[in-house]
Amino acid sequence: GGMTFTVKSVSISPVAVRVAYSVDSEAKWSNQSSGKVSKQDEKTSERYFDSVKILVHCTDGHVIDMTNAGGGISPKNGKTECSKGGVFPEILDLKNVASVTVGSITYPVSVK
């Protein structure tokens with residue numbers, strides 16, 4: 001959507017994945033007094049958070065989609081800091097994890 005984001009960190013363990021990234025623009029919230037999420041805020045959340053895919057690729061071809069993981073959005077100083085992560089549906093042997101894709105960038109996973 002015309003925005004640039006910078007991945008700050010990708011962490012993976014046998015039970016969870018976490019990604020932190022910074023977006024080059026500041027998310028704007030409508031601050032509705034009703035407590036309901038406005039259509040504008042839904043679009044903002046989709047743009048900065050929901051649309052950022054996180055895929056864990058296993059060596060056997062199995063892909064775990066963590067795109068709908070939870071997290072947070074913190075706008076400040078013209079940027080938006082985001083973190084997204086969740087617990088896997090199964091415990092993973094990290095030797096069987098090939099990579100993690102965040103957005104369109106794939107990061108190889110190597111276990112020593």
About how many Å separate CG of N68 and CG of D50, when rounded to the nearest 0.5 Å? 7.5 Å
Tabulate below the donor-acceptor pairs under 3.5 Å that side-chain atoms of residues 94-108 make, not counting sequence neighbours, or state none.
unit_1 : atom_1 : unit_2 : atom_2 : d
T101   : OG1    : H57    : NE2    : 2.8
T101   : OG1    : T106   : OG1    : 2.9

Under a 4.5 Å side-chain heavy-atom rule over Ile, Leu, Val, Met, Phe, Trp and Tyr, are V109 and V63 clustered together? no
Would you name the heavy atoms of A69 and G85 that are closest together and state the gap between them? CB-O, 3.2 Å
Could I get the full list of ring pair (Phe, Tyr, Trp, His ring centres under 6.0 Å) partners for F49, not counting sequence neighbours? none
The side chain to side chain contact (heavy atoms under 4.5 Å, CB included) partners of N77 (sequence neighbours excluded) come to none
Using the rule that Ile, Leu, Val, Met, Phe, Trp and Tyr join whenever any side-chain heavy atoms are under 4.5 Å apart, tell me whether V111 and V10 fall into a single cluster. yes
How many angstroms lie between atom SG of C82 and atom NZ of K8, to the nearest 0.5 angstrom? 10.0 Å
Is there a path from V52 to L55 through hydrophobic residues (I, L, V, M, F, W, Y) whose side chains come within less than 4.5 Å of each other? no
So, using side chain to side chain contact (heavy atoms under 4.5 Å, CB included) as the criterion, who are the partners of D60 when residues are at least two apart? C58, H62
K84 side chain vs K53 backbone, donor-acceptor pair below 3.5 Å: no
Would you be so kind as to tabulate the donor-acceptor pairs closer than 3.5 Å made by side chains of residues 17-29, with sequence neighbours excluded?
unit_1 : atom_1 : unit_2 : atom_2 : d
Y21    : OH     : Y48    : O      : 2.8
S22    : OG     : E81    : OE2    : 3.1
D24    : OD1    : T4     : N      : 3.2
D24    : OD2    : T4     : N      : 3.3
S25    : OG     : Y48    : OH     : 2.7
E26    : OE1    : G78    : N      : 2.7

Where the side chain of S83 meets the backbone of G71, is there a donor-acceptor pair that is under 3.5 Å apart? no
Salt bridge (charged side-chain N to carboxylate O under 4.0 Å, His left out) involving K79 - partner list, sequence neighbours excluded: none
